[in-house]
Each structure stands twice: as structure tokens, then as C-alpha cells.
Trainee: 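Dumping the structure here so I can ask a few things about it.
In each ligand, atom 1 is the first atom listed, and ligand 1 is the first ligand listed.
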Amino acid sequence: MKLQLIGTGSITAPQTSASSLINDHILIDCGTGVIKELLKQQVNIFNIDIILITHLHADHFFDLPYIVLLRSFNQITNNLKIYGPKNLKKVVNTLFEIGYADLEDVEKIFSDGNTSIVEFDNLEEEIDGYLIKSILVEHGKTKPSYGYIIEKNGKSIGFSGDSCYCQTIDYLVDSCDVSVLECSFPYNSEEHMGPETIEQLAKKGKIAVTHMSLYTREKLEKKNIDNLIIGKDGDIFHI
Ligand SMILES: [Zn+2]
């Protein structure tokens, strides 16, 4: 599988919001700046036919209206399914209401671009030859917050979404060939993992770290941790 790190920053970093792309067609999270970053990295956004949203914080889904609009304007005919937690449809409609109040029929924008939103409690589905599973993670008071595991041809890539250190993260690192883990702050909290946790997890499995503030990135770089990829926007790996 091809893994492309589209964005590797947190909202306080110059890098784009955390987002990853699998085999040019499965996008994990679509927060602020992600559409522009995809275009900068010369990704054909109309090849993306699955988007997995981890949770309903702005830096993980605020760019969704743009992809919905672009597909409609360009009369794209392949289906795009956007998977995410309960209320995803409501919050995306709210973004349309406040951002494009002149649009009278948002449903039509969705149907013109063959775009649909699928809300789930627990996702475990074979889609286009990929097994896609959601996993529940711990992200402070934000519930539900999901990570994902994507499997194909005996290989698996895990995504933490936003999470503190919890059992699910151990499971992810133990069971996936590569885990894309967040490290938002330079310390551990109830919402996020810090560099010390990442250092411990890197002893158990291959990790690419993302969702970093500038200071967190610097702290991780100084640690020189074996088996750890400190993600940069545009990095591509083959797994
Ligand atoms: Zn979050």
C-alpha cells in the first residue's frame, strides 16, 4: 500500500492539518487546509472515493464542503462515500449554511457529485478490496473518537486519529505493520499523546508520527528515536 502523509501539523504548526492518503483514493481526515495541500501535492482529488473522518473537531473535517462542491461543479460521476461519527451530516450541513448561505439545495450539491455521508457506530467493512475497521480511542471529552485500521493483501496501516495513550493504541501498534500516530503536544494529556509515549511505543512497532505542534516536532527530533518516522507533509511510503 502507498501511504502519503498529506498534512502532519496541529493547528499551531505551519504544516497542514493531519491527513493521510492510501493508494491515492482513501483519505483519512479532511481538516483545514487539506484540499489546498492535496492540490499542492498534485493529487487528483476526484480519484478519492472514500474519506474516513476520525472525530468532529474542525481540524479534521472543516474542508469537507470544498470537496463536495468541487465534485458537484465538475460533474464527477464516481461515488464518494464519507464515513464518520454520528452527527457528521448535521455538522457538514451547518458548514454549508454558514459558509454558503446562498446555496438553496445542499442535498442537490451532494447528489450532483455522487457524494454521500455514512455515519456509523462501528465500521468493519470490505470496500474495494480493503478491509476498513474503526477502533474507539480516548480523546478527552470528545466522544466518539475513532482511529482506523486499513488492511489489504496481508498488510495493515493503523491511524490513531486524536487520542491519548490507551489500550486501543497499544492494540494498533501491536497489530499493524505501520501506525500513524498523533503527537499534538509536547506532554501527555487526557486528549493527546506526548513525545515520551511515542518513544515507548516506537520500541514495539513501526510508527509515523503526525499532528505535531512546532515545539513537539522539535522535541521529537532531538530525541533521535529509532524506528520512528517524524512525518513531513508530502512524505510517501510503500508498505
Ligand atoms: Zn481532536
Side-chain angles (χ1 to χ4, degrees), residues 5-21 26-38 51-67 82-92 94-95 98 117 119-123 132-150 157-173 179-198 201 207-217 219-220 230-231 233:
L5 302 179
I6 303 300
T8 58
S10 70
I11 49 168
T12 61
Q15 289 78 16
T16 295
S17 302
S19 175
S20 303
L21 184 66
I26 304 175
L27 185 73
I28 298 96
D29 278 335
C30 190
T32 32
V34 166
I35 297 296
K36 279 194 182 299
E37 189 63 44
L38 286 164
I51 300 179
L52 306 170
I53 299 296
T54 57
H55 65 295
L56 299 184
H57 277 160
D59 53 327
H60 296 263
F61 76 96
F62 257 32
D63 264 16
L64 282 177
Y66 301 127
I67 196 162
I82 304 168
Y83 295 85
K86 232 180 283 172
N87 284 328
L88 178 60
K89 193 157 192 164
K90 188 175 133 201
V91 294
V92 172
T94 302
L95 288 181
I98 57 177
I117 290 182
E119 297 178 357
F120 64 85
D121 288 321
N122 177 43
L123 180 68
I132 301 179
K133 292 189 278 194
S134 65
I135 48 170
L136 269 175
V137 293
E138 296 288 329
H139 183 35
K141 290 179 181 155
T142 309
K143 295 182 191 298
S145 278
Y146 294 105
Y148 291 98
I149 297 174
I150 300 176
I157 306 176
F159 297 89
S160 68
D162 281 9
S163 179
C164 66
Y165 174 64
C166 60
Q167 272 187 346
T168 317
I169 297 297
D170 269 333
Y171 169 73
L172 200 74
V173 174
S179 302
V180 180
L181 301 185
E182 72 110 286
C183 187
S184 296
F185 295 157
Y187 49 82
N188 290 311
S189 70
E190 284 180 10
E191 287 86 20
H192 297 289
M193 289 182 277
E196 279 70 33
T197 296
I198 296 294
L201 289 168
I207 290 170
V209 65
T210 185
H211 205 285
M212 290 164 279
S213 72
L214 208 51
Y215 182 55
T216 307
R217 186 182 288 274
K219 202 169 166 185
L220 281 163
I230 300 173
D233 294 8

Trainee: Donor-acceptor pair, Q15 side chain versus M212 backbone, under 3.5 Å?
Mentor: no
Trainee: Strictly under 2.8 Å of the Zn ion (ligand 1): which protein N/O/S atoms qualify?
Mentor: H55 NE2, H57 ND1, H139 NE2, D162 OD2
Trainee: Parallel, tilted or perpendicular: which describes the rings of F120 and Y146, with under 30° parallel and over 60° perpendicular?
Mentor: tilted
Trainee: Can a side-chain donor-acceptor contact be found between H192 and S184 if the only test is distance below 3.5 angstrom?
Mentor: yes
Trainee: With side-chain contact (heavy atoms from CB on, under 4.5 Å) as the test, pick out the partner of L27 among I67, L21, I82.
Mentor: L21
Trainee: Measure the acute angle between the ring planes of H57 and H55, then classify it against the limits of 30° and 60° as parallel, tilted or perpendicular.
Mentor: perpendicular
Trainee: Using only heavy-atom distances, determine whether the side chains of S17 and T32 contain a donor-acceptor pair under 3.5 Å.
Mentor: yes
